[in-house]
Amino acid sequence: DETGAWGIAPQYAQAQRFVNGYAIVKAAGAEGIIDETGRYVIPPEYSIWEGTIGVNGREGNGVFVMERDGRCGWFDTQSGFISGLMWQYVESWDDSPYVLAGINRDLSTFVHRATGERLLPWQDMFSYGFREGVAVVSLGDEETVLVALDGSVTRLPEGIDAPYGEVADGMLLVTDENGLYGYVGLDGQIAIKPQYTEASDFNSGYAVVNDGLLINREGNVIAEGVLSVCGPWADGSI
């Protein structure tokens with residue numbers, strides 16, 4: 001603890017940081033979850049890992065995914081909800097209210113992390129989760145849609161695809177049937193028509209396209225010879 005005394009005496013093969021009052025520990029060859037008194041809320045009988053914010057795992061999101069004998073579930077450290085091992089897989093990348101859960105590899109949906117309630121019907125879908133309140137979802141029929149946190153679904157314009165599947169700074173990088181890049185807003189409408197052979201995600205209101213052109217949200221060229229946009233803005237510069 002803050003005085004240097006043992007808060008929980010050493011007894012685990014491995015121990016991770018506390019998140020919202022809970023931590024993953026390893027004992028007897030398996031993982032469990034303890035509270036800040038050292039009491040097990042989930043016994044050490046599972047493989048357990050923490051969900052992350054962002055595909056590259058920038059930080060934890062407070063969802064502990066559990067697996068045993070090929071079945072998955074989760075423990076939500078924010079609410080204390082335990083889902084039970086009801087799914088074939090559970091994926092949690094972001095800090096939205098939902099995780100992506102599948103009853104098999106062909107049927108999945110978003111499930112509320114604190115209640116277990118489904119947001120959408122079971123279907124063949126894939127997503128990297130919610131960003132800025134919107135999830136980019138690829139359906140089994142190769143259609144791409146935007147799903148809001150209230151469950152409303154917006155289809156992308158005809159002929160438009162979202163190859164990278166994540167909203168960034170209020171914009172979604174998309175391609176048309178010719179492979180040219182453009183951008184769609186959170187309303188599902190084209191904000192900047194596909195016209196670029198190369199393009200990056202928006203950051204702090206700007207993106208780099210083609211051979212180093214810096215554009216704003218209206219598609220106007222602001223500068224040339226830019227390698228990348230490393231944000232956010234600081235002291236009026238980027």
Side-chain angles (χ1 to χ4, degrees), residues 19-22 49-66 72-84 86-103 105-157 160-174 183-192 201-205 207 217 231-232:
V19 180
N20 299 324
Y22 301 96
W49 60 93
E50 185 177 358
T52 54
I53 300 176
V55 176
N56 295 323
R58 293 187 293 273
E59 58 181 298
N61 66 359
V63 174
F64 293 166
V65 181
M66 305 182 297
C72 292
W74 72 88
F75 175 82
D76 179 27
T77 63
Q78 292 181 2
S79 65
F81 175 77
I82 302 172
S83 74
M86 301 171 61
W87 294 272
Q88 185 176 11
Y89 70 92
V90 172
E91 296 175 338
S92 179
W93 297 283
D94 57 59
D95 59 350
S96 79
Y98 296 95
V99 301
L100 181 66
I103 54 177
R105 286 296 170 182
D106 296 323
L107 294 174
S108 58
T109 188
F110 292 114
V111 181
H112 200 286
R113 58 188 280 179
T115 66
E117 295 179 359
R118 298 195 308 270
L119 180 65
L120 301 169
W122 295 111
Q123 56 194 298
D124 185 0
M125 58 176 275
F126 175 79
S127 174
Y128 287 121
F130 286 87
R131 303 288 184 275
E132 303 178 24
V134 175
V136 183
V137 178
S138 298
L139 302 179
D141 57 4
E142 299 183 354
E143 181 183 15
T144 300
V145 300
L146 303 181
V147 177
L149 290 173
D150 62 2
S152 59
V153 176
T154 302
R155 286 172 168 77
L156 295 183
I160 296 297
D161 188 29
Y164 303 112
E166 289 188 62
V167 169
D169 197 21
M171 294 285 217
L172 174 63
L173 182 62
V174 297
Y183 298 90
V184 164
L186 298 185
D187 59 358
Q189 301 300 309
I190 294 177
I192 301 176
D201 283 332
F202 265 82
N203 189 337
S204 302
R217 292 184 183 276

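Bear in mind the structure is a predicted one, so any value in this text is a computation, not a measurement.
Checked against the 6.0 Å centroid threshold, Tyr128 and Phe126 count as a close aromatic pair.
Between the SG atom of Cys72 and the CD atom of Gln88 there is a distance of 8.0 Å, given to the nearest 0.5 Å. For the atom pair CG of Leu139 and OG1 of Thr144, the computed distance is 7.5 Å after rounding to the nearest 0.5 Å. Considering CD of Glu166 and OG of Ser127, their distance stands at 8.5 Å, rounded to 0.5 Å. Rounded to the nearest 0.5 angstrom, Leu100 CG and Leu119 CG are separated by 11.0 Å. To the nearest 0.5 angstrom, Trp87 atom CH2 is 12.5 Å from Ser108 atom OG.
Sorted by first and then second residue, the salt bridge (charged side-chain N to carboxylate O under 4.0 Å, His left out) pairs with a member in residues 107-121 read Asp76-Arg113; sequence neighbours excluded.
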Query raised in the report: Step by step, would you call Tyr164 with Asp201 a side-chain contact (heavy atoms from CB on, under 4.5 Å)?
Result: CA-CA 10 Å; Tyr164 303 112; Asp201 283 332; 5.6 Å; no

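Closest approach of Arg131 and Val167 over heavy atoms only: CB-O, 3.6 Å. Contact record, His112 with Trp74: O-CZ2, 3.5 Å, taken as the closest heavy-atom pair. The heavy-atom pair separating Val19 from Glu50 by the smallest distance is CG2-OE2, 3.6 Å. Val134 and Leu186 get closest at one heavy-atom pair: CG2-CD2, 4.2 Å. The minimum heavy-atom distance linking Ala101 with Val111 is given by the pair CB-CG2, 3.8 Å. The minimum heavy-atom distance linking Ala114 with Ser79 is given by the pair CB-OG, 3.5 Å.
Using a 4.5 Å heavy-atom cutoff, the side chains of Tyr98 and Thr109 are not in contact. Using a 4.5 Å heavy-atom threshold, the side chains of Leu146 and Leu172 count as touching. By the 4.5 Å heavy-atom criterion applied to side chains, Leu120 and Phe110 are counted as neighbours.
Relative ring orientation between Phe75 and Tyr22 is described as perpendicular, the plane-to-plane angle rising above 60° on a 0-90° scale split at 30° and 60°. Using a 30° and 60° split on the angle between ring planes, Tyr183 and Phe202 fall in the perpendicular class, above 60°.
Contacts of Asn20 classified as side-chain hydrogen bond (donor to acceptor under 3.5 Å, both in side chains), with partners at least two apart in sequence or in another chain: Thr77. The side-chain hydrogen bond (donor to acceptor under 3.5 Å, both in side chains) search around Ser92 returns Asn61, not counting sequence neighbours. Under the rule for a side-chain hydrogen bond (donor to acceptor under 3.5 Å, both in side chains), the partners of Asp169 that lie at least two apart in sequence or sit in another chain are Arg217. Every residue two or more places apart in sequence or in another chain that forms a side-chain hydrogen bond (donor to acceptor under 3.5 Å, both in side chains) with Glu143 is listed here: Arg155. With sequence neighbours left out, the ring pair (Phe, Tyr, Trp, His ring centres under 6.0 Å) criterion links Phe64 to no other residue.
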